[in-house]
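In what follows, a single structure is set out as structure tokens and then discussed.
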Amino acid sequence: LHEISNVMRKIDAIALIGTGARATSLKEKWTMRTSVHTAMCFGWKPTQYCNKSCGITFLLKDKWAKCVSAVYDPPKLLMGRLAAIILRNQSDDITLIACYFPHRGLYHQSKHEQLVLGMCNWITKTLDALPSRTMPVFLGDFNDQFGLVRDERGVLAADGEGVTGHTTS
């Protein structure tokens, strides 16, 4: 983290996705100091949806680290795949939402769809809980799980389909 923080020293807020930072029973999230940023680490635990490629860390310059007013934790099954923090000062109200969606083929299709749906549901609940003045900013590795998709003929999916990265047949 120290090297990344130093290289990116001019950037106020960074989300690192897939850090491999593992949570323990005593430490699911933690804060540490680098030479330039404060690191807020969200670890993963082995579950049916998370493995050692998961883990999220926000790197925040001091002016933003002192503005963290809330932290949103995902369900235990999704630890290391989702995290959100609200940064609030006198003029700004920003929510950083970090996401690590699985790539296709990692899980059987039904398990993949359950995971993506669970992640999207948590994101929706988090957005619904935010004050209207908050500006959400999404940071992440979406692994082609975002937006509409085209079928094998290149046709966009119908309304409502493909929003989570898959079409229905």
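Sequential numbering from 1 along the given sequence is applied to the chain's residues.
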Could you measure the distance from the [atom1] atom of [X] to the [atom2] atom of [Y]? Nearest 0.5 Å is fine.
X: Asn89; Y: Cys67; atom1: CG; atom2: SG; answer: 4.5 Å
X: Met119; Y: Leu78; atom1: CE; atom2: CG; answer: 6.5 Å
X: Trp64; Y: Ile85; atom1: CH2; atom2: CD1; answer: 10.5 Å
X: Ser53; Y: Tyr100; atom1: OG; atom2: OH; answer: 3.5 Å

key: Heavy-atom neighbours of Glu3 CD exceed 12 at 6.0 Å   = no
message = Does Lys66 have more than 12 heavy atoms from other residues, nucleotides or ligands lying within 6.0 Å of its NZ?
response = no
Looking at side-chain heavy atoms only, is the closest gap between [X] and [Y] below 4.5 Å?
X: Met79; Y: Thr47; value: no
X: Leu1; Y: Leu16; value: yes
X: His37; Y: Leu60; value: no
X: Leu87; Y: Val68; value: yes
X: Thr19; Y: Phe42; value: no

Say whether [X] and [Y] are linked into one hydrophobic cluster, either directly or through other cluster members, by side-chain heavy-atom distances under 4.5 angstrom.
X: Ile123; Y: Leu77; result: yes
X: Ile97; Y: Ile11; result: no
X: Val7; Y: Ile17; result: no
X: Met8; Y: Phe58; result: no
X: Leu127; Y: Ile86; result: yes

Judged by atom type as modelled, is there a donor-acceptor pair below 3.5 Å linking the side chain of [X] to the main-chain atoms of [Y]?
X: Arg88; Y: Asp93; value: no
X: Lys111; Y: Gln48; value: yes
X: Trp44; Y: Ile56; value: no

request  = Check the pair Tyr49 / Gln114 against side chain to side chain contact (heavy atoms under 4.5 Å, CB included), numbers first and verdict last.
outcome  = CA-CA 9 Å; Tyr49 298 121; Gln114 286 177 333; 3.2 Å; yes
